[in-house]
Amino acid sequence: MTTIIGSVTIGGLAIPLTADVTLPAVTPPAVTPPPVGPGMLIGARGKGPSSQSLTAAFAGAESNLGNLQVTRVFYGTLPAKHARISDPGVLEIISYKGSGGTANLTAFCRSLTAAGPAWLAKHHEPEGPTDYADGAAFLADWQPDYDVAHSLGVTFGMIAGGYQYRANGGNGFDGSYLPARADFYSIDTYRDGSADSGFGAIVTLDQVAEFQRWYTLVKDRGAPLAVTEYGRGTVGNGEVASTPQKRVAVLGPDVQWLRDHGFAVFSLWYSNYGPDGRAWCPTDSAWLTAFQALTRG
Amino acid sequence: MPTASWTVTPNTPNHGDTITATYTVTGNDGTPAGTPNPGHVTGTVTVGDQVYQLDAPLTTPGAPATPPAPVTYATPSGAGLTFKQDPANPAKWTAIVP
């Protein structure tokens with residue numbers, strides 16, 4: 001029992017008041033690191049029109065793709081309490097931009113206790129030219145939140161923007177945005193299928209130069225690795241003719257490569273309504289069959 | 001005599017919940033203006049050796065009204081909670097349960 005103390009002063013006369021409340025116990029969040037290797041979690045972020053709830057979007061993705069074990073959640077500024085969008089037991093990897101302050105971040109982290117498995121990351125894909133001045137600025141923003149969340153038992157990591165790890169001027173190429181220590185390292189990797197060669201081409205992950213550059217930077221840091229957004233081809237919007245076939249052809253090998261290299265998570269970006277206005281949501285039966293084979297494990 | 005009370009809810013919050021403390025003051029109404037006082041003003045005028053008594057009715061105001069006493073609300077405190085005042089309602093304070 002905790003006593004809250006207050007008072008009202010009326011014309012110079014102070015009237016003290018008290019109230020008793022029972023605050024919740026402070027317990028570590030129930031965040032369980034997922035298995036790695038053969039047990040890699042497979043999932044997706046579903047997103048429909050703005051009128052559709054995130055819960056409905058997740059359910060819709062699951063009906064097309066099979067049982068999902070992981071999904072993505074995004075916040076601008078963290079609320080004080082997390083509201084899950086997926087099934088019980090699904091790992092929700094949560095991104096946010098602002099913590100709302102240490103007290104709010106603390107409340108949010110503790111709210112995960114009852115909510116279910118979750119990972120947390122501040123400002124995914126921070127390497128964009130309009131996000132931070134440089135890697136040092138990002139890490140100065142990221143580190144305090146890591147310290148708070150990690151101390152509360154929350155798995156707190158860094159999600160890189162894959163396109164920024166290209167050799168020709170990507171802000172992330174030198175590794176300056178990667179913290180020396182994190183609870184997981186993840187990457188969002190896209191190839192839009194707009195060309196048969198170069199950065200628009202769909203090739204297997206072992207040939208995706210920017211992905212491999214990031215992997216080289218993080219693979220020996222002793223933390224779980226993840227792919228939090230995977231998109232291949234923009235589904236009839238600027239794709240070259242070979243893209244649908246290539247998209248199917250690389251899916252299985254890419255997931256296998258990740259398993260072979262000990263990755264913990266593979267999460268598809270499965271959205272018809274991306275912020276860039278393009279769909280990353282294959283609907284052809286060959287691709288759906290290939291993905292469902294993964295979720296059946 | 002004014003009195004004060006408050007409500008603090010919920011009393012069994014969870015992490016991330018918002019505790020709301022709302023003060024209530026009753027009886028702080030001040031006093032209304034007093035009843036007007038009817039009266040007269042009298043005077044005399046003397047013309048030659050003739051004295052004239054004059055009278056005029058006059059109602060003076062009653063005692064002035066007293067406004068409600070100023071009220072201030074202290075910041076609630078306890079258990080590491082940080083309360084913030086509602087900008088639209090100074091009697092209302094909220095804190096997030098960390």
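This structure is a prediction, so every number in the text was calculated from the model and none was measured. Numbers restart at 1 for each chain; the letters A, B, ... are given by sequence-line order, proteins then strands.
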Working to the nearest 0.5 angstrom, can you tell me the gap between B/N14 CG and A/K81 NZ?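 Taking CG in B/N14 and NZ in A/K81, the distance rounds to 5.0 Å.
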Looking at [X] and [Y], what are the two nearest heavy atoms and their distance?
X	Y	result
A/S111	B/H15	CB-O, 3.8 Å
B/Y73	A/V8	CD2-CG2, 4.0 Å
A/P24	B/P13	CD-O, 3.1 Å
B/G78	A/T2	C-CG2, 4.5 Å
A/I15	B/P2	CD1-O, 4.4 Å

Considering only heavy atoms, which portion of [X] lies under 4.5 Å from any heavy atom of chain B: side chain, backbone, both, or neither?
X	answer
A/T102	neither
A/I5	both
A/L13	side chain

Interface residues of residues 82-98 of chain B facing chain A - non-hydrogen atoms under 4.5 Å apart: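 The list, in residue order, reads B/F83, B/I96, B/V97, B/P98.
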Can you say whether B/T18 sits under 4.5 Å from chain A via the side chain, the backbone, both, or neither, judging by heavy atoms?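 It is neither, since no heavy atom gets under 4.5 Å.
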Answer with side chain, backbone, both or neither: which region of B/T3 has an atom nearer than 4.5 Å to a non-hydrogen atom of chain A?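 Looking at B/T3, just its backbone touches chain A.
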Heavy-atom pair count under 4.5 Å with chain A, highest-scoring of [options]:
options	value
B/A69, B/P68, B/P70	B/P70
B/G80, B/A74, B/A21	B/A74
B/T72, B/V8, B/V71, B/L81	B/T72

Just by modelled atom types, is the A/S7 backbone N or O under 3.5 Å from a matching donor or acceptor in the B/W6 side chain?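 Pair absent, no side-chain N/O of B/W6 close to backbone of A/S7.
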Heavy atom to heavy atom, less than 4.5 Å: which residues from residues 59-79 of chain A reach chain B?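 Residues of residues 59-79 of chain A touching chain B at under 4.5 Å: none.
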For chain B, which of A/T3, A/I10, A/T106, A/L23 has the most heavy-atom pairs under 4.5 Å?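 Counting heavy-atom pairs under 4.5 Å, the top option is A/I10.
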